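Below is one structure; the comments refer to it alone.
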Protein chains: 2
Amino acid sequence: MFLAIDFQSDIPIYIQLKQQIIAGIARGELKEGEELPSVRQLAQDIGINLHTVNKAYSLLKDDGFILMDRRKGAVINSLENMAEDDFKFRLREEINPLIAQAFCKGMTEEELQLEIGEIYRSYSQGAER
Amino acid sequence: MFLAIDFQSDIPIYIQLKQQIIAGIARGELKEGEELPSVRQLAQDIGINLHTVNKAYSLLKDDGFILMDRRKGAVINSLENMAEDDFKFRLREEINPLIAQAFCKGMTEEELQLEIGEIYRSYSQGAER
DNA sequence: CATCTGTTATATAAAATCTATAACAACTAT
DNA sequence: ATAGTTGTTATAGATTTTATATAACAGATG
């Protein structure tokens with residue numbers, strides 16, 4: 001598994017889980033229909049509680065990244081179904097403070113775009129829509 | 001004052017304070033040498049505790065955005081002194097999850113660049129380096 | 001000296017995070 | 001059928017983070 005939880009981080013475990021699974025999807029390592037480990041299995045693997053995993057899965061479900069199935073557990077949704085029109089609004093709110101900081105820290109627009117582009121392509125290369 | 005704290009937000013007050021002051025600097029509304037309200041004054045204005053403001057100021061100081069002066073209180077640092085070479089590393093870590101999400105949600109690289117550029121320029125227009 | 005700075009200390013309350021156990025309904029496989 | 005999976009729900013407790021309340025101190029200002 002590609003999950004690496006940092007227990008010293010100030011980012012809550014369930015958020016780290018959510019972020020890394022989304023990154024896995026974007027990278028193309030987790031494809032449509034693929035099954036995630038059960039909440040109990042993953043919890044045991046990482047050495048955390050079942051509810052912490054469940055919280056991450058619930059958030060991923062609410063955001064359309066996965067589908068929950070009583071039988072098969074958590075299943076990766078299709079990229080088509082993940083697409084969401086009003087996502088730009090939420091993105092703007094979250095990314096705004098980072099850009100303000102980047103400007104103050106002396107990054108030019110070109111540097112920022114370069115950085116963003118590199119990261120974006122590090123994902124889009126693996127997964128195809 | 002341009003500060004608008006959302007008490008219902010899941011983002012802690014001291015983080016909101018920090019973000020909005022950085023945004024103010026990036027927008028050019030807060031210029032080098034300008035004095036921020038004292039911790040007591042700002043706390044009273046917003047209706048929060050002195051220590052919550054102090055925590056925000058301390059973080060801003062640690063990150064080089066402001067200078068603390070026993071006499072004058074918190075003073076905006078110069079953009080030159082804010083600049084930091086190893087900032088890109090921290091930025092990458094924080095912005096990475098958002099980009100993965102943007103990709104999954106169907107944003108193309110062009111859309112993302114457009115969005116980023118707009119936000120960046122909304123700052124760089126006001127403040128000149 | 002009175003009044004303003006930031007700073008430090010202590011105590012408390014409230015909320016978020018994480019864990020621990022247990023149980024339930026739905027499904028699968030032996 | 002029954003044992004073993006799923007997710008889900010409920011309850012309880014511990015820990016950490018966040019925010020508040022009060023008080024006091026040193027340094028600077030008028």
Side-chain angles (χ1 to χ4, degrees), chain A residues 1 3-21 30 32-77 81 94 97, chain B residues 1 3-22 30 33-77 81 94 97:
Chain A
M1 202 50 173
L3 294 171
I5 300 303
D6 177 6
F7 292 97
Q8 312 311 320
S9 169
D10 54 342
I11 301 173
I13 299 174
Y14 72 97
I15 299 284
Q16 291 186 51
L17 272 176
K18 182 191 169 195
Q19 287 179 345
Q20 292 190 26
I21 288 170
L30 296 173
E32 172 177 0
E34 196 160 333
E35 300 173 15
L36 291 177
S38 74
V39 290
R40 288 177 178 80
Q41 185 61 55
L42 185 52
Q44 196 178 2
D45 285 356
I46 305 180
I48 60 176
N49 192 273
L50 151 172
H51 291 101
T52 306
V53 177
N54 193 264
K55 193 164 183 177
Y57 280 11
S58 292
L59 291 179
L60 288 166
K61 184 188 64 178
D62 292 344
D63 284 356
F65 291 102
I66 63 176
L67 302 170
M68 300 306 280
D69 191 315
R70 258 264 149 63
R71 310 164 276 185
K72 295 190 288 183
V75 181
I76 306 295
N77 201 350
N81 289 344
E94 293 194 60
Chain B
M1 201 53 174
L3 295 171
I5 301 302
D6 178 5
F7 293 96
Q8 312 311 319
S9 170
D10 54 342
I11 302 173
I13 298 174
Y14 73 97
I15 299 283
Q16 292 187 50
L17 272 177
K18 182 192 170 197
Q19 289 179 343
Q20 293 192 25
I21 289 171
I22 294 177
L30 295 172
E34 197 160 332
E35 300 173 15
L36 291 177
S38 75
V39 289
R40 289 177 176 82
Q41 184 61 54
L42 185 52
Q44 195 178 5
D45 286 356
I46 305 180
I48 59 176
N49 191 274
L50 152 172
H51 291 101
T52 307
V53 177
N54 191 263
K55 193 164 183 180
Y57 280 12
S58 293
L59 292 178
L60 287 167
K61 183 188 65 179
D62 292 345
D63 283 357
F65 292 103
I66 63 177
L67 302 169
M68 299 308 277
D69 190 316
R70 258 265 151 63
R71 310 165 276 185
K72 294 190 288 183
V75 180
I76 305 295
N77 201 350
N81 288 343
E94 294 195 60

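Numbered from 1 within each chain, the chains take letters A, B, ... in sequence-line order. For the numbers below, each heavy atom of this structure counts, side chains included, while hydrogens, waters and symmetry mates do not. Since the structure is predicted, the reported quantities are computational estimates derived from the model, not experimental observations.
Closest to the side chain of B:Lys61, from the set D:dT18, C:dT17, C:dT7, is C:dT7. In the set C:dC18, D:dG7, C:dG6, D:dG7 carries the atom at the smallest distance from any side-chain atom of A:Ser38. Nearest nucleotide to the A:Val39 side chain, out of D:dT8, D:dT20, C:dT28: D:dT8. In the set D:dA19, D:dT8, D:dG7, D:dA19 carries the atom at the smallest distance from any side-chain atom of B:Thr52.
Atom CG of B:Leu67 is separated from atom P of C:dG6 by 13 Å (rounded to the nearest Å). Protein atom CD of B:Glu35 is 13 Å distant from nucleotide atom C1' of D:dT29, rounded to whole Å. When rounded to the nearest whole Å, the span between CG of B:Asn54 and C1' of C:dT7 equals 7 Å. Taking atom CD1 of residue B:Ile11 and atom C1' of nucleotide C:dA15, one finds them 16 Å apart after rounding to whole Å. In this entry the distance linking CG of A:Asn49 with P of D:dT11 reads 17 Å, nearest Å. Following rounding to the nearest Å, B:Met68 (CE) and C:dT5 (P) show an atom-to-atom distance of 11 Å. Straight-line distance from the CZ atom of A:Arg71 to the P atom of C:dA29: 11 Å, rounded to whole Å. In this structure, A:Ile66 places its CD1 atom 13 Å from C1' of D:dT6, rounding to the nearest Å.
Summarising the local packing, CD of A:Glu34 is surrounded by more than 12 heavy atoms from other residues, nucleotides or ligands at distances under 6.0 Å.
Between the base of C:dT7 and the side chain of B:Arg40 there is a donor-acceptor pair shorter than 3.5 Å. One donor-acceptor pair, N or O on each side, does fall under 3.5 Å between the base of C:dT8 and the side chain of B:His51.
Considering only heavy atoms from C-beta on, B:Ile21 comes within 4.5 Å of B:Leu3 through its side chain. Side chains of A:Leu60 and A:Asn77 form no contact here, defined as non-hydrogen atoms less than 4.5 Å apart.
Judged by distance alone, with hydrogens and angles left aside, the side-chain atoms of A:Glu35 form no donor-acceptor pair with the main-chain N or O of A:Gly73 at under 3.5 Å.
If A:Asp69 and A:Asp10 are placed on DNA chain D by their nearest nucleotide, the residue sitting closer to the 5' end is A:Asp69.
One finds the OH atom of B:Tyr57 at 14.5 Å from the NZ atom of B:Lys18 (value rounded to the nearest 0.5 Å).
Applying the 4.0 Å criterion to OP1 and OP2 of C:dT5, one finds that B:Lys72 has every side-chain N and O outside that range. Close to C:dT17, at under 4.0 Å from its OP1 or OP2, lies a side-chain N or O of A:Tyr14.
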